[in-house]
Amino acid sequence: MRMTITQLNTHPGGEYEGLVGWILTLMERIGELGVGLAVFLETFIPPIPSEALLPGAGFLAYEGRLNFWLAWLMATLGALVGAWVWYAIGAAFGRDRTRRVVGRIPLMDHDDFDRAEAFFARWGGTAVLVGRCVPLVRSFISIPAGIERMSIVKFSLYTLLGSGVWNALWIGLGYAFGPAIKPILEQWSGVLSDAVIVIVVALLLWFVIARLVRNARRRRAE
């Protein structure tokens, strides 16, 4: 039986400290629908990959605090809806206008679009299927599919299959390793929280700085 919000406020999410405890408690509160929303938002915020979220959903499913299959379904539907948005943008704006839009997204540039377009041109439907498993690529591979007016049924099936397998893998890992993870979190969640914060901040800084340096070099070369 699912816990209510009141019960969650008294539940030691609680038994886990720091950022780890906060994230797990937040995920439990927003439920399976929140997992899908997070995957949807990841389509538009590429530096935050779903691989950092889905194992947590799997762990909560192991503890009986989320439903495994519903979390998987919501994550896959979130990926599909996000893919539809980019597909629609590509179909509505066409290549040149869409390329300009992508170039204006903070920390993104035209090369991100060009790589996705080249990947799609070479592999077609397989690019949509495999691209769902590649960070950054999965955010943009839908654009050339929309520009080329790939069959929306075929596009949706490829997206569902690729996203479904990818989400099942990561949620499944969190679920399968639950028995091993639980005692570690109970004892070391505070230390792990600090380590996660350092790693995430370092990765975000690296991404931002690398993009800013690359863009500055390109402006000087123009």
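Here, residue 1 is the first one in the sequence, and each next residue gets the next number.
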Contact summary for [X] and [Y], nearest pair of heavy atoms:
| X | Y | value |
| --- | --- | --- |
| Gly125 | Met150 | CA-CE, 3.7 Å |
| Phe120 | Glu148 | CE2-CG, 3.7 Å |
| Ile171 | Trp72 | CD1-CA, 3.6 Å |
| Ala91 | Arg149 | O-NH2, 2.8 Å |
| Ser142 | Trp86 | CB-CB, 3.7 Å |
| Arg132 | Ala83 | NH1-CB, 4.0 Å |

Candidate pair Leu129 and Trp123, rule side chain to side chain contact (heavy atoms under 4.5 Å, CB included), full reasoning: CA-CA 10 Å; Leu129 177 67; Trp123 299 105; over 6 Å; no
Beyond-backbone contact of Val35 with Leu54, side-chain heavy atoms, under 4.5 angstrom: yes
Beyond-backbone contact of Ser163 with Thr76, side-chain heavy atoms, under 4.5 angstrom: yes
Those residues that, when tested against Leu157, pass side-chain contact (heavy atoms from CB on, under 4.5 Å) (two or more places apart): Val153
Set of residues satisfying side-chain contact (heavy atoms from CB on, under 4.5 Å) with respect to Tyr62, sequence neighbours excluded: Phe59, Tyr175, Pro179, Lys182
Partners passing side-chain hydrogen bond (donor to acceptor under 3.5 Å, both in side chains) against Ser156 (at least two apart in sequence or in another chain): Trp84
Can you measure from [atom1] ([X]) to [atom2] ([Y]) and round to the nearest 0.5 angstrom?
| X | Y | atom1 | atom2 | result |
| --- | --- | --- | --- | --- |
| Tyr158 | Ser151 | OH | OG | 10.0 Å |
| Leu73 | Phe68 | CG | CZ | 12.0 Å |
| Met74 | Trp69 | CE | CH2 | 14.0 Å |
| Thr159 | Ile152 | OG1 | CD1 | 8.0 Å |
| Leu160 | Leu80 | CG | CG | 4.5 Å |

Glu32 side-chain N/O to Asn67 backbone N/O, donor-acceptor pair under 3.5 Å: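 Yes.
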Path from Val130 to Leu161 over hydrophobic side-chain contacts below 4.5 Å: no
same_hphob_cluster(Leu66, Phe177) at 4.5 Å side-chain heavy-atom cutoff: yes
Full working for salt bridge (Lys or Arg N to Asp or Glu O under 4.0 Å) between Arg99 and Glu117: CA-CA 10 Å; Arg99 189 174 185 273; Glu117 184 180 46; over 6 Å; no
Audit row: Ile143, Ile89, side chain to side chain contact (heavy atoms under 4.5 Å, CB included) steps and yes/no: CA-CA 7 Å; Ile143 298 175; Ile89 290 173; 5.7 Å; no
